[in-house]
Each structure stands twice: as structure tokens, then as C-alpha cells.
2 protein chains.
Amino acid sequence: MTSAESGLPGLPGSIAAGRSKASGTAGAALGSAARLRVATPSVADRVAAELRLQLAEGLLLPGARLTESTISEELGVSRNTIREAFAELAAERLVVRHPNRGVFVATLGPGEIHDVYTVRRFIEVSAIRGGGSPERVAAVRAAVEEGKAAAAADDEEALGTANQHFHGAIVALAESRRLNTIMAQVLAEMRLFFHKATVDAHFYRSYLDDNEKICKTLEAGQLDRAGDLLLAYLNNSEEKQRAVHGD
Amino acid sequence: MTSAESGLPGLPGSIAAGRSKASGTAGAALGSAARLRVATPSVADRVAAELRLQLAEGLLLPGARLTESTISEELGVSRNTIREAFAELAAERLVVRHPNRGVFVATLGPGEIHDVYTVRRFIEVSAIRGGGSPERVAAVRAAVEEGKAAAAADDEEALGTANQHFHGAIVALAESRRLNTIMAQVLAEMRLFFHKATVDAHFYRSYLDDNEKICKTLEAGQLDRAGDLLLAYLNNSEEKQRAVHGD
DNA sequence: ATTGAAGAATTGTTGAACAATTCTGAGATT
DNA sequence: AATCTCAGAATTGTTCAACAATTCTTCAAT
């Protein structure tokens with residue numbers, strides 16, 4: 001739908017617009033502690049966030065070119081700022097820079113898919129083998145239920161995100177900021193080519209039982225067994241992905 | 001030594017200076033094939049590389065502030081380009097951005113150190129348990145020998161890098177591009193506060209035997225045992241780091 | 001000492017400019 | 001017809017200058 005001239009949410013269409021409310025009122029009303037938390041994200045960050053969103057929603061398909069001037073106009077932001085956002089996204093591998101040629105939505109060839117799954121096997125399996133606090137385990141359970149609800153409602157989209165929540169929750173067992181962001185990035189990369197896979201409406205549905213069993217095993221404290229199940233699951237998933245995409 | 005007005009290697013000190021040599025001569029002298037491979041990194045990338053280097057060498061200590069205008073002048077590069085470089089470094093966590101306040105060399109508190117080691121435990125231990133091709137194992141062995149040589153030569157600096165090569169080689173067993181870059185980033189983060197640890201000249205030396213034993217176990221194909229040894233090593237290392245820094 | 005407020009310095013962002021590079025579309029050549 | 005060449009158009013890479021917003025300093029007044 002070309003997203004048109006929507007502009008960035010929260011940004012005035014043009015530069016000039018009444019301001020100066022935030023620091024004064026918020027600071028006085030909420031106290032200094034709250035004020036520190038509010039640090040508004042920069043425009044570049046918001047641009048990156050917006051693009052990340054469009055990427056996740058499949059509005060920008062792999063291989064698509066992101067022209068600086070176009071995005072600059074669409075979002076009402078200067079080219080320099082766009083470039084800063086591109087630097088962020090490139091660091092996350094969501095986008096690839098071809099010098100002097102432009103930036104393109106990343107494409108994942110067969111080798112890349114295998115690589116992504118390798119990362120997932122390393123991190124997810126280790127995470128589940130390490131177990132986690134009751135709260136974290138409960139979060140895994142919640143993701144499983146979320147998936148069941150989505151399946152009952154026949155909402156494929158929700159099913160997909162529930163599945164990602166499930167795997168995110170598994171990594172979160174480790175309580176590691178870095179591992180969480182690594183996992184988040186890997187999942188974001190996968191979303192890039194999931195759109196193709198989702199053509200089969202039953203793609204995720206087959207995982208529901210696996211998730212349930214893995215979760216139950218985890219809850220029972222059989223960590224090594226849970227790890228084995230998860231490993232099998234990931235191998236199977238990679239296989240299916242490979243089938244959907246060019247061998 | 002403040003690095004002064006050296007400018008960026010390969011960049012003319014100021015903007016105006018004899019030009020047009022690069023593409024012409026290089027292209028003609030090296031032939032077209034070479035030219036294609038060379039895809040010159042952007043100025044922003046070179047700035048990032050230069051800063052990464054200064055960070056690794058301890059010229060920029062944790063907490064230090066990186067002022068845009070200062071770096072801009074020192075390197076003879078525009079502020080906008082500096083900002084792009086900052087975006088890269090921030091994505092690698094080498095640098096932290098405080099909105100409206102500036103970017104600072106990242107500092108690793110106790111919690112962060114634990115986090116870094118968590119990532120290493122996950123990735124390195126999984127990698128060694130998975131084993132690798134004879135060439136990759138040989139690379140691990142090479143890193144061990146590199147360390148011994150450095151110890152013999154009493155070169156603490158070389159000892160440190162050899163140690164990093166050792167751990168990099170272990171992750172490389174997995175043949176995963178993503179895992180390699182993740183590990184490289186984590187090691188870069190650690191270099192940030194290694195400088196403090198290196199005060200003790202015998203800091204790395206104690207690891208030499210561990211590395212040798214781990215490597216030998218790996219070569220013998222006793223992967224699980226090697227993993228256990230590596231895990232113990234990492235726990236021990238974290239402990240020592242914690243001791244050196246304010247616990 | 002604490003507070004407040006002017007002033008200086010710095011970051012965030014823009015817009016315009018220009019060189020270098022890549023892409024495009026004739027037109028010329030075989 | 002197929003392909004080569006080359007001028008012109010489009011795009012990226014980079015710089016510069018400006019200005020609003022924010023943070024840091026300083027210094028006086030209480």
C-alpha cells in the first residue's frame with residue numbers, strides 16, 4: 001500500500017510546531033526519577049523502528065530496494081537521518097548495504113537459513129538446558145497458551161507471533177540481556193522470509209503440539225530431555241523452511 | 001597520546017587535496033578483477049574501524065566521552081559521517097549513546113561482565129561440544145601454540161590476543177558466520193576492560209595450561225569432556241575478572 | 001551551601017550542494 | 001539483430017552551514 005505520506009507517528013509533519021511541554025510539566029509532576037526514564041528516542045531511532053515494523057509486516061519484501069530520497073519524503077525526515085537509521089538496520093542484518101548502489105532488504109539464501117538455525121540451536125538449547133526461575137517458566141507456558149488461543153481463533157498471524165514469543169521466552173530463561181537481544185535479532189531476521197512460508201495456513205499449527213510437550217517437560221524439570229526435544233524441533237523446522245524455499 | 005591530527009589512514013588530511021588518483025591508477029595497475037573485490041569501505045566505516053582500534057588499544061578508556069566535533073576535526077571528517085560511525089559502534093555495544101549528552105565508551109559493570117560470560121558459556125561450550133573439521137581443530141591448536149610462544153617471549157600483549165584467538169577458534173568450529181561475529185563482538189567488548197586486568201602480568205599466563213588441556217581433549221575427540229573443561233575455565237575466568245574489578 | 005538564571009557548548013536534525021558512482025537509453029558498429 | 005559505447009539521468013557518499021533543543025557552566029544572589 002506504499003504507506004504514502006503518513007509521516008512518522010509522533011512527529012509533526014513539518015519541523016515547526018508548538019513544543020516545550022515535556023521537560024517542564026513532566027519533570028515537575030512526576031519528579032526527577034520519572035523524568036530520567038523518558039529519554040525520547042531520536043528521530044533516527046524512530047525511523048529505524050518504523051522500517052523494522054514494515055519489514056516485520058512484510059510491506060518490504062526481501063531484495064526490495066530502499067531509496068534514501070523516497071523514504072526521506074515519505075517519512076518527512078532528512079536524508080542524513082535516514083542514513084543513520086540505515087546504519088542501525090544494517091548492523092542488525094535486516095538490510096544490506098551495497099556501496100554506491102543502495103540498501104536492500106536482506107535476503108536469506110539456503111546457507112543463511114542454516115546459519116540462523118545454527119545460532120538458534122546453540123542458544124535456545126543451552127537456555128532450556130539451564131532451566132530458569134518459575135516466573136520465566138511461566139512465561140514459556142503463557143506463550144504456549146497464547147499459541148493455542150490463536151489457533152482456536154484461526155488467526156495465523158497471531159499464531160506466528162505466539163510461536164516467536166515461545167522461543168523468545170525460552171531464551172529469556174537465561175536472564176541475559178545480550179542473549180535476549182541476539183535472539184530478538186535472529187527472530188527479526190527470520191520474519192523477513194516467513195511471509196513466504198505462511199502461505200501454507202497450517203505451517204505453524206504443526207508446532208503447537210511440540211511446544212506443548214517441550215513446555216511440559218520443562219515444567220517437570222527434565223531439562224536435558226526438554227533440550228533434546230527442542231533440538232529435534234529446530235532441526236525439523238529448518239528442514240521445513242528449506243523445503244518451502246529454494247532447496 | 002591523544003592521537004592528534006593524524007587524520008584517517010588513506011584520507012587526505014583536509015577535504016581539498018589532489019584527487020582522482022585512487023580509482024584511476026589502482027584500477028589500471030591492478031586490473032579489473034582486483035578492482036571489483038576492493039569495494040572501498042565508506043568513510044564512516046573507516047572512522048568506525050579507527051575508533052574500534054583505539055578502543056582495543058586502550059587509547060579510549062571506558063567512560064570516556066567521544067565529542068563529535070573533536071573527532072570530526074582530528075580525523076578530518078564531517079560530523080554527519082562521525083554520527084554514522086557512532087551508530088555502528090553503538091550497535092556493537094562498544095559505545096553508549098546518552099541522548100542529548102553524547103556518546104561514551106561503554107563501561108561494563110559487574111552485571112554486564114556476568115552477562116558477557118553467560119553469552120560465552122552458551123556459545124563456546126556448545127561449539128566445542130559440536131566438534132569441528134580437522135582444519136578448525138588445527139586452528140585451535142595453532143592458537144594454543146601462539147600463546148605458548150608469546151609466553152616464552154614474555155609478550156603480555158601477544159598473550160592476550162593469542163588467548164582471544166583461542167576462544168575465537170573454538171567458536172569457529174561451528175562454521176557459523178553469525179556466531180563468529182557475535183563472538184567477535186563479545187571479545188571486543190571484553191577488550192574494553194581488559195586493560196585494567198592486564199596490570200597483573202601473570203593474568204593470562206595461568207590460562208596457558210588450561211588451553212593446552214582443552215585443546216588436547218578436543219583433539220582426542222572427547223567433546224563432552226572438553227566442554228566441561230571449557231565451562232570450568234570460563235567460570236574461573238569470570239571469577240578472576242570479578243576480583244580484579246569492583247565486585 | 002543552595003538555588004537560579006544567563007550564557008556557552010553540544011547534540012539532533014535539516015537542507016542544499018557537489019563529487020563519484022551506477023544505471024539507462026539511445027545511437028553507432030559489426 | 002546483437003552488442004558496444006557513451007552521454008545524460010539518477011543515486012549514493014560526503015561535506016558544510018545553520019538552527020532548535022538540550023545539557024553543562026558559571027556566577028551571582030539569597
Side-chain angles (χ1 to χ4, degrees), chain A residues 7-8 10-28 32 35-36 38-48 64-73 75-88 90 95-104, chain B residues 7-8 10-27 32 35-36 38-48 64-88 90 95-104:
Chain A
L8 225 43
L11 262 190
S14 187
I15 328 95
R19 252 331 147 61
S20 83
K21 41 86 195 138
S23 59
T25 51
S32 59
R35 213 199 143 290
L36 284 178
V38 182
T40 334
S42 72
V43 174
D45 286 337
R46 275 179 290 175
V47 169
R65 180 177 188 174
L66 301 181
T67 311
E68 295 182 0
S69 51
T70 304
I71 300 185
S72 171
E73 289 170 16
L75 265 46
V77 164
S78 95
R79 256 183 74 214
N80 280 315
T81 303
I82 299 286
R83 293 189 118 250
E84 262 186 70
F86 281 171
E88 276 187 46
V95 124
V96 173
R97 267 189 141 140
H98 289 255
N100 282 315
R101 296 177 35 68
V103 324
F104 301 81
Chain B
L8 224 43
L11 262 190
S14 187
I15 329 97
R19 242 342 146 52
S20 79
K21 40 88 194 135
S23 58
T25 51
S32 62
R35 218 201 141 287
L36 281 179
V38 181
T40 334
S42 73
V43 174
D45 287 337
R46 274 179 291 177
V47 169
R65 180 177 186 173
L66 300 181
T67 311
E68 294 181 1
S69 50
T70 305
I71 299 185
S72 172
E73 289 170 17
E74 280 182 0
L75 267 45
V77 163
S78 94
R79 258 182 73 215
N80 281 313
T81 302
I82 299 286
R83 294 188 119 252
E84 263 186 69
F86 281 171
E88 276 187 45
V95 122
V96 173
R97 266 189 142 139
H98 289 254
N100 282 315
R101 297 175 36 67
V103 325
F104 302 80

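All heavy atoms count here, side chains included; hydrogens, waters and symmetry mates do not. Labels below follow one simple rule: chain letters A, B, ... track the order of the sequence lines, proteins then strands, and each chain is numbered from 1. Computed from a predicted model, the values in this text were never measured in an experiment.
A:L66 places its CG atom 14 Å from the C1' atom of D:dT11, with the value rounded to the nearest Å. In this structure, the NE2 atom of A:H98 is 13 Å from the P atom of C:dT22, given to the nearest Å. Note: CD (A:E84) to C1' (D:dG13) measures 15 Å, nearest angstrom. With rounding to whole Å, A:I82 atom CD1 is found 8 Å from C:dT14 atom P. Computed from coordinates, the A:R79 CZ to C:dT13 P distance equals 17 Å when rounded to whole Å. Separating the CD atom of B:E73 from the P atom of D:dT15 is a distance of 14 Å, rounded to the nearest angstrom. A:E68 has its CD atom 14 Å from the C1' atom of C:dT22, to the nearest Å. Between A:I71 atom CD1 and D:dT11 atom P there is a gap of 13 Å when expressed in whole angstrom units.
Distances shown here put a side-chain N or O of B:T81 below 4.0 Å from the OP1 or OP2 atom of D:dT15. Using a 4.0 Å cut-off, no side-chain N or O of A:S42 falls inside it from OP1 or OP2 of C:dT11.
In terms of position along DNA chain C, the nucleotide closest to B:T70 lies nearer the 5' end than the nucleotide closest to the other residue of the pair B:N80 and B:T70. For the pair A:A44 and A:R65, nearest-nucleotide mapping onto DNA chain C gives the more 5' position to A:A44.
The shortest heavy-atom contact between B:I71 and B:F86 is CD1-CZ, 3.8 Å. When all heavy atoms are compared, the tightest approach of A:A87 to B:A87 is CB-CB, 3.8 Å. In terms of heavy atoms, A:S72 sits closest to A:R79 at OG-N, 3.8 Å. The heavy-atom pair separating A:A48 from A:E88 by the smallest distance is CB-OE1, 3.6 Å.
For the pair B:R83/B:R97, a side-chain contact is recorded, criterion being any heavy-atom separation below 4.5 Å from C-beta on.
Nearest nucleotide to the side chain of B:N100, out of D:dG13, D:dT22, C:dT13: D:dT22.
If you check distances only, the side chain of A:R97 never reaches the base of D:dG13 with a donor-acceptor pair under 3.5 Å.
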